[in-house]
Amino acid sequence: MHKITTSDLPSRRKFLKQTSLLTAGLSLSLTTAQSTATGISPISAASVEAPVKAAFADGDISPEIGMESPGNYGKGYHKTFHDPCKVRVSAFQSGENKALVIGFDALAIYQPWVDEIKEGIGKRYAISKDEIMISASHSHSSGPTAMVMPGQYDHANPFIQDLAYKQSSCADPKYLANTKKTTIETALKALEGLEDVEIGIGSGNEEKVSFNRRFFMKNGRTYTHPGQLNPEISKVAGPIDPEVGVVGAWSKDGKCIGCIVNFACHSTTNPGGISANWVYYMEQTIKGAMGKDCVVVFLQGASGDVTQVNNRNPYKNRSGEEWARFVGANVGAEAVKTLLSIPRGIHFPINSTRAFIDIKRRIPSKENVEKSLAMVKKSPDEVGKTDWVFAKETVMLDSWVKQKPSHNVEIQTIQLGPLVLVSNPAEFFCELGLKIKAESQFPFTFPVSMANDCVGYVPTLEAFSSNGGGYETRLTSYSNLEITAGNQIVDQSIKLIKRLTPGSIPHFEKAPPFKGEPWNYGNVPPQIQ
């Protein structure tokens with residue numbers, strides 16, 4: 001299914017039927033009267049007379065062999081190379097308004113470093129922070145941009161510093177500096193290469209590669225990854241979002257110069273060694289159809305509880321490279337079908353908004369801290385590796401929360417005609433992303449997670465109830481916002497979206513009226529002899 005015209009909008013319900021968060025309808029515009037009535041000031045669309053310009057570029061940000069491999073609460077190191085990690089850049093301009101959308105093949109990115117990149121771009125090109133969105137693909141096979149940042153625990157005593165810097169996964173200052181330099185250069189290349197283009201926006205549907213990893217169990221609790229075919233599973237605890245959101249740009253000579261793809265699935269297929277993860281195979285699939293010069297920018301959707309792992313698969317699950325290829329090629333194929341099916345246009349108003357919410361952290365209890373401190377003073381073998389790791393995280397969080405008891409969470413929107421990208425810095429639960437889609441007045445709404453910063457997992461409120469639980473609700477130095485954070489982010493996202501007025505969806509050129517005679521090769525009676 002490919003959404004092409006306004007008449008196709010009801011088919012969005014197909015993507016949202018897994019959740020009870022549907023609204024009564026999907027409006028195509030927000031009038032000034034509606035905005036005034038709700039106390040929200042609208043943002044005027046850019047002049048529809050200004051044709052859109054676009055450019056794409058990418059750069060290699062592969063880490064070195066021996067650098068840390070992120071994605072865990074302990075140390076791990078890269079030993080082999082599979083495929084390049086990239087920074088992927090898309091730039092747009094309509095009139096005076098610009099938008100720069102950057103995707104990293106990275107586990108996570110953090111706000112101070114993101115601001116350094118935005119400021120570095122702004123010093124050399126007239127573009128504001130509001131107009132730049134930067135997100136991570138959450139690749140678990142990428143370079144060391146997370147989790148403990150350089151200097152983060154310099155305030156702490158030597159014991160806690162040892163836990164943070166010697167016993168935990170850490171970002172690499174050298175890698176951060178090189179990646180920042182490459183990102184600024186790649187972004188400037190795109191901005192300086194803006195050209196007149198045709199844009200197409202649409203979405204497809206891919207349901208075979210992603211699965212919610214949380215399940216209600218017969219004991220009344222919720223488990224994350226309870227185990228394939230566990231007989232104690234009662235039912236799945238959350239939805240998936242099968243929508244493959246796509247933006248494509250074509251040059252005047254009809255060449256597809258680049259595309260954006262938005263999809264919700266953890267990048268945890270790990271094909272072996274340094275890798276963009278399944279995003280690599282998605283990119284290869286799209287390039288195979290659209291041309292080797294087509295730059296592919298991936299934006300991670302609301303995938304906090306969604307992975308490639310099917311816990312109810314009656315057959316053996318794939319692994320490694322086979323899994324990465326399966327997920328990436330299927331998502332890429334759906335993106336290609338969409339790119340080949342959507343109409344294109346040249347008038348796309350561009351706008352951007354952002355806001356910050358100060359969200360408190362969950363504070364570990366004194367008893368929990370004392371118990372955890374006693375555990376981490378023993379060896380992991382003595383107390384159990386898993387218990388030791390989460391005890392370490394509790395002790396680190398107790399130190400960190402005293403320095404930073406709340407987090408200034410950034411929510412951002414970028415509008416491109418009938419599309420709105422709405423970002424947050426969380427591993428955002430899928431149900432929350434679907435709620436934003438359901439309440440958006442835009443024909444196309446693509447949630448972007450892990451953007452502009454990182455705050456760890458943000459589950460639904462239900463996940464913290466007496467029937468909740470699971471890995472994503474654990475209290476760690478990485479993931480610790482108060483339990484209402486998801487609702488706060490959803491509400492602020494919707495407020496920002498409501499300030500914008502959607503642009504129109506392009507339409508295919510109508511066929512000319514029939515003239516003349518039928519094809520004279522074909523208008524003949526059957527010939528027997």
Side-chain angles (χ1 to χ4, degrees), residues 21 40 107-115 118 129-130 133-136 138 146-149 152-153 155 238 264 300-305 352-365 368-369 393-394 396-413 421-437 439-440 447-465 468-499:
L21 300 170
I40 302 169
L107 180 80
I109 52 177
Y110 289 85
Q111 184 272 323
W113 184 68
V114 168
D115 268 3
K118 291 186 177 184
K129 288 182 181 179
D130 288 5
M133 179 183 289
I134 304 178
S135 77
H138 199 55
M147 311 246 290
V148 175
M149 296 303 288
Q152 183 177 349
Y153 285 89
H155 67 275
Q300 183 63 261
S303 60
D305 52 347
S352 57
T353 64
R354 66 174 181 157
F356 292 81
I357 322 168
D358 195 56
I359 301 180
K360 294 179 181 179
R361 300 186 190 278
R362 309 198 312 274
I363 300 174
S365 68
N368 191 9
V369 173
E393 289 297 312
T394 298
M396 289 168 57
L397 174 59
D398 179 62
S399 174
W400 181 237
V401 78
K402 292 171 183 174
Q403 296 294 311
K404 199 172 181 181
S406 63
H407 196 99
N408 211 22
V409 176
E410 179 176 348
I411 314 299
Q412 184 182 21
T413 63
L421 302 173
V422 54
S423 74
N424 65 73
E427 290 198 56
F428 207 50
F429 266 35
C430 187
E431 183 175 316
L432 300 172
L434 289 171
K435 183 173 183 180
I436 293 173
K437 286 187 176 186
E439 297 195 27
S440 171
V448 181
S449 64
M450 307 299 290
N452 298 316
D453 196 2
C454 180
V455 295
Y457 286 102
V458 172
T460 59
L461 196 56
E462 182 185 37
F464 293 102
S465 70
Y471 169 69
E472 302 88 352
T473 65
R474 296 208 71 153
L475 195 55
T476 69
S477 65
Y478 168 76
S479 185
N480 49 60
L481 293 188
E482 63 182 335
I483 65 175
T484 60
N487 290 347
Q488 293 181 59
I489 291 173
V490 168
D491 290 346
Q492 185 61 64
S493 298
I494 294 166
K495 286 178 182 177
L496 289 182
I497 292 171
K498 295 297 185 184
R499 295 181 61 195

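From a predicted model like this one, the values you see are computed outputs, not experimental measurements. Values below: all heavy atoms of this structure, side chains included; hydrogens, waters and symmetry mates excluded. Note that the numbering runs from 1 along the sequence shown for the chain.
- Among residues two or more places apart in sequence or in another chain, the ring pair (Phe, Tyr, Trp, His ring centres under 6.0 Å) test is passed with Y457 by Y471.
- V458 and A485 get closest at one heavy-atom pair: CG1-C, 4.0 Å.
- Atoms CG and NE2, from D358 and H407 in turn, are 9.5 Å apart once rounded to the nearest 0.5 Å.
- Between N424 and Q492 there is no side-chain heavy-atom pair separated by less than 4.5 Å.
- One N or O on the side chain of R362 and one on the backbone of L481 form a donor-acceptor pair closer than 3.5 Å.
- Here D491 pairs with nothing under the salt bridge (charged side-chain N to carboxylate O under 4.0 Å, His left out) rule; sequence neighbours left out.
- Side-chain contact check for D453 versus N408: every heavy-atom pair is 4.5 Å or farther apart.
- The closest side-chain heavy-atom distance from V401 to N480 is not below 4.5 Å.
- Distance check, rounded to the nearest 0.5 Å: OG of S352 to CG of L421 gives 11.0 Å.
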**OP:** Show the numbers, then the answer: is there a side-chain contact (heavy atoms from CB on, under 4.5 Å) between W400 and M396?
**Re:** CA-CA 6 Å; W400 181 237; M396 289 168 57; over 6 Å; no
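- No donor-acceptor pair under 3.5 Å is formed between the side chain of D115 and the backbone N or O of P112.
- Put simply, the side chain of I411 reaches to within 4.5 Å of the side chain of I357, judged on heavy atoms.
- Distance check, rounded to the nearest 0.5 Å: NZ of K435 to OG1 of T460 gives 11.0 Å.
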**OP:** Go through the steps to decide whether L461 and N487 satisfy the test side-chain contact (heavy atoms from CB on, under 4.5 Å), and finish with yes or no.
**Re:** CA-CA 8 Å; L461 196 56; N487 290 347; 4.0 Å; yes
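- Residues forming a salt bridge (charged side-chain N to carboxylate O under 4.0 Å, His left out) with K402 (at least two apart in sequence, or on another chain): D398.
- Y153 and S399 get closest at one heavy-atom pair: CD2-OG, 4.2 Å.
- Here the CD-CE distance, from Q152 to M147, works out to 10.0 Å after rounding to the nearest 0.5 Å.
- Applying the salt bridge (charged side-chain N to carboxylate O under 4.0 Å, His left out) criterion to R354, with sequence neighbours excluded, gives D130, E410.
- A donor-acceptor pair under 3.5 Å links the side-chain atoms of N452 to the main chain of I134, judged by distance alone.
- Atom CD of Q111 is surrounded by more than 12 heavy atoms from other residues, nucleotides or ligands within 6.0 Å.
- For the residue pair T473 and P459, the shortest heavy atom distance occurs at CG2-CG, 4.4 Å.
- Judged by distance alone, with hydrogens and angles left aside, the side-chain atoms of S440 form no donor-acceptor pair with the main-chain N or O of I436 at under 3.5 Å.
- Residue C454 comes nearest to M450 through the heavy atom pair SG-CE, 3.9 Å, listed as atom of the first residue, atom of the second, then distance.
- Two residues are said to be in side-chain contact when any heavy atoms from C-beta on lie closer than 4.5 Å; F464 and T484 fail this criterion.
- Contact annotation: the side chain of E472 never approaches that of S479 to less than 4.5 Å [non-hydrogen atoms, C-beta and beyond].
- Rounding to the nearest 0.5 Å places NZ of K118 at 12.0 Å from CH2 of W113.
- The minimum heavy-atom distance between V422 and S493, with the atom names listed, is CG2-CB, 3.6 Å.
- In this structure, the side-chain hydrogen bond (donor to acceptor under 3.5 Å, both in side chains) partners of S303, at least two apart in sequence or on a different chain, are Q300.
- Residues that satisfy the side-chain hydrogen bond (donor to acceptor under 3.5 Å, both in side chains) test with Y478, not counting sequence neighbours, are E427.
- Considering CG of N368 and OG1 of T394, their distance stands at 4.5 Å, rounded to 0.5 Å.
- Residues E393 and S477 have side chains in contact (heavy-atom distance under 4.5 Å, counting atoms from C-beta outward).
- Here the closest non-hydrogen pair linking G433 and F428 is N-CE2, 3.9 Å.
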